[in-house]
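Remarks on the structure that follows.
Numbering of residues begins at 1 and proceeds along the displayed sequence. We count ligands from 1, going down the list as the structure has it; atoms in each ligand are counted the same way.
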Amino acid sequence: MAKKDKVILVTGANRGIGLNILQRLDLDGYTVIGTSRSDDGANLISQQIKNSDGKGLKMDVTDQESINLAINRIQEGYGTIYGLVNNAGITEDNLLMRMSDEQWLSVIETNLTSLYRVTKSLVKDMMKARQGRIINVGSIVGVMGNAGQSNYSASKSGLLGFTKSLARELSSRNINVNSISPGFIDTDMTKALSDEQIDNLTKNIPLGRIAESSEVSSVVSFLLSEDSSYITGENINVNGGIYM
Ligand code: NAP
């Protein structure tokens, strides 16, 4: 199957790591669909796609109706989705003592329940096709924990369990399910950190720097390719060695 016949859906693709993943997969030659919560974001995504007739669509990963609408449009317009990159995610940091229900629930809904909602909405079709790849973007915080991020950490640890269970459920249908756990990547999410925090952080990173989004996208590209055909249920840390 030629790459342009493989339709890849990337959630949260209007900025940050998701946008870089979209650009990389477009360069690779896939037909890429990216989603954003806003019309402006969807338009921006459409403009970024240069090599296929892929486009941007509006989708809120916490809203089942919005997910159904987007998935139906993709399936009607492009056919079965070959690859899903569950990338959309948020942080709402606070110490547990001070955390509100809203902060807890919004992070769990956006980062974890979204995996259930988006994946379930398209996996039946993927199973019928007897091929596919699902890649979940986790975080180093889901692997090693971080003070002030119990909600985020729980969501990303949950993602690891979800990935392994789904890998077992879908293996007989030739669908590989893996996760990537990035360390600190230069995006809006890390722009909230002060220079002092970044300096302290980088002191503890063996490679001595935070990463570019492209260093995550290249791993997504690998996990979609035939080169990774025997890898499933795996988590790949992309963290400069901060956790080994
Ligand atoms: P970002 O720059 O803040 O972008 C987040 C993306 O997710 C945006 O496109 C955003 O859309 C989208 N999004 C948020 N809530 C959504 C919702 N309810 N429905 C649909 N889309 C939604 O974040 P990033 O740094 O690129 O992070 C991308 C992924 O990598 C996340 O899962 C994050 O947890 C993970 N990660 C990031 C880092 C890091 O250091 N940056 C490290 C480890 C893991 P809007 O523009 O509409 O808000």
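- Checked by atom type, the side-chain pair S217/E212 shows no donor-acceptor distance below 3.5 Å.
- Both F222 and V137 belong to a single network of hydrophobic side chains, linked directly or stepwise wherever heavy atoms of I, L, V, M, F, W or Y lie under 4.5 Å apart.
- For the residue pair S181 / N235, a side-chain donor-acceptor distance below 3.5 Å is found, with atom types taken as modelled.
- Residues satisfying the side chain to side chain contact (heavy atoms under 4.5 Å, CB included) test with M99, not counting sequence neighbours, are N94, Q103, W104, S150, N151.
- Look at K203 and D199 and you find no salt bridge, because none of the NZ, NE, NH1 or NH2 atoms lies under 4.0 Å from a carboxylate O.
- Sorted by chain and number, the residues within 4.0 Å of ligand 1 by heavy atom are G12, N14, R15, G16, I17, R37, M59, D60, V61, T62, N87, A88, G89, I90, T110, V137, G138, S139, Y152, K156, P182, G183, F184, I185, T187, D188, M189, T190.
- Put simply, L159 and L84 are part of the same group of oily side chains (I, L, V, M, F, W, Y) that touch within less than 4.5 Å, one to the next.
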